[in-house]
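Input: a single structure, listed below in structure tokens.
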Amino acid sequence: MTRQVLPVSFYARDTLVVAHSLVGKYLIRELPTGSRAGRIIEVEAYVGAHDLACHASKGRTKRTEVLFGRPGLTYVFLIYGMYHCLNVVTERVDHPAAVLIRAVEDESGLVDGPGRVCRAYAIDTSLNYHDLTTGRLLWIEDHGERVPKSQIGAFARIGVDYAGEWATKPWRLRLKTATGK
DNA sequence: AGATTGATCCAT
DNA sequence: TGGATCAATCTG
């Protein structure tokens, strides 16, 4: 089976295309204790500064700077003082957009929720700005699976009610798993 | 439903 | 420099 580390060209595309393509890919984390891999089940797209749900809509600050950076970088932030969220930066430099990894499935079962994913994979802000294309510490692989678009459900994004009409965009994408969950 | 928890941002 | 805010999760 082919196992390809996703290259910059994967991330340097339209954010909704990247988001759809990420479903069924594998998040890989290398730790001193060994490595862990999870199939990506759910993501959310944040498409640019005009998207009022996207953190970059608040402007270019220290926190959002990475969103304006190279595709294939991570954007990791702390939320509610307790949990971390992992995003992958997309599109071209100076177009601030990203995809949030919301759920994965691995040998331990479904890891459902962005804070749980980061806890399970030991991801915190020390991995902010990490280059996902290097194949070390943290990256995403294509394992050659083809996920039919009919297997991906589209829903409103979670926790962005403040974003007005942008809150209703169907940009949360979730794989319809065998268990139906 | 309410509590938790702390980095960030801007004005009250 | 204080306080509101927050791409969440756990417990009741």
Side-chain angles (χ1 to χ4, degrees), chain A residues 6 10-11 13-25 27 29 36 38-91 94-106 108-130 132 138-140 152-175 177 179 181:
Chain A
L6 297 183
F10 177 93
Y11 300 101
R13 296 181 294 162
D14 177 271
T15 303
L16 291 172
V17 171
V18 175
H20 269 92
S21 302
L22 278 172
V23 175
K25 299 296 190 291
L27 180 70
R29 176 75 166 113
R36 184 162 187 174
R39 184 167 174 243
I40 295 174
I41 298 297
E42 185 180 73
V43 300
E44 278 175 2
Y46 292 86
V47 304
H50 58 293
D51 172 6
L52 295 186
C54 181
H55 287 172
S57 68
K58 303 298 184 192
R60 192 165 184 154
T61 67
K62 180 172 182 180
R63 183 203 206 196
T64 62
E65 179 65 30
V66 67
L67 292 169
F68 294 80
R70 289 164 22 233
L73 294 180
T74 60
Y75 167 41
V76 181
F77 65 92
L78 180 69
I79 188 70
Y80 299 113
M82 280 180 287
Y83 302 104
H84 294 273
C85 291
L86 169 66
N87 297 254
V88 304
V89 175
T90 59
E91 306 208 28
D94 289 337
H95 180 112
V99 177
L100 171 69
I101 308 299
R102 288 194 57 91
V104 305
E105 186 176 57
D106 63 20
S108 78
L110 186 62
V111 183
D112 203 356
R116 293 180 182 133
V117 168
C118 285
R119 188 174 57 191
Y121 285 76
I123 294 163
D124 62 23
T125 54
S126 69
L127 282 166
N128 195 22
Y129 278 95
H130 176 72
L132 290 164
L138 180 69
W139 67 94
I140 302 174
I152 300 176
F155 312 91
R157 294 172 292 181
I158 300 288
V160 294
D161 291 345
Y162 57 84
E165 64 179 23
W166 295 93
T168 68
K169 302 286 186 185
W171 292 343
R172 176 163 58 99
L173 308 175
R174 188 173 177 104
L175 185 66
T177 60
T179 61
K181 180 66 172 59

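Protein chains get the first letters and strands the later ones, always in sequence-line order, with residue 1 at the start of each.
Nucleotide C:dA8 holds its C1' atom 9 Å from the CZ atom of A:Arg116, rounded to whole Å. The interatomic distance linking A:Leu52 (CG) with C:dT5 (C1') rounds to 16 Å, in whole Å. A straight line from CD1 of A:Ile158 to C1' of C:dC6 spans 15 Å, rounded to a whole angstrom. Summarising the geometry, the separation between CE on A:Met82 and P on C:dT11 is reported as 12 Å, rounded to the nearest angstrom. Residue A:Leu78 contributes atom CG, which lies 17 Å from atom P of B:dT4 at whole-angstrom precision. Rounded to whole angstrom, the span from the CZ atom of A:Phe77 across to the C1' atom of C:dT5 amounts to 13 Å. The interatomic distance linking A:Arg63 (CZ) with B:dC10 (P) rounds to 11 Å, in whole Å. As a whole-Å value, the separation of A:Arg60 CZ from B:dT8 P is 17 Å.
Annotation: ring pair (Phe, Tyr, Trp, His ring centres under 6.0 Å) contacts of A:Trp166 (sequence neighbours excluded): A:His50.
The structure places OG1 of A:Thr90 at 13.0 Å from OH of A:Tyr75, a figure rounded to the nearest 0.5 Å.
Side chain of A:Thr74 to main chain of A:Tyr129: a donor-acceptor pair is present (N/O by atom type, distance under 3.5 Å, no hydrogens or angles). A distance-only check finds no donor-acceptor pair linking the side chain of A:Glu42 to the backbone of A:Arg172 [under 3.5 Å]. One N or O on the side chain of A:Glu44 and one on the backbone of A:Ile158 form a donor-acceptor pair closer than 3.5 Å.
Helical stems of DNA chain C (runs of at least 3 Watson-Crick or G-U pairs, donor-acceptor distances under 3.5 Å) are listed by first residue: B:1-4 with C:8-11, B:6-11 with C:1-6.
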Which donor-acceptor pairs under 3.5 Å do the side chains of residues 76-85 of chain A make with protein atoms, sequence neighbours left out?
none

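A:Arg119 comes within 4.0 angstrom of sugar-phosphate atoms only, judged by non-hydrogen atoms across all strands, and of no base. No engagement by A:Arg157 is indicated, since no non-hydrogen atom pair under 4.0 Å with the nucleic acid exists. Among the atoms of the strands shown, base atoms are found under 4.0 Å from some heavy atom of A:Tyr46.
Between A:Asp51 and A:Arg157 there is a salt bridge, since at least one side-chain N of the basic residue sits less than 4.0 Å from a carboxylate O of the acidic one.
Stacking annotation: A:Tyr83 is not stacked on the base of C:dA8 (requires ring centroids less than 5.5 angstrom apart and an interplanar angle below 30 degrees).
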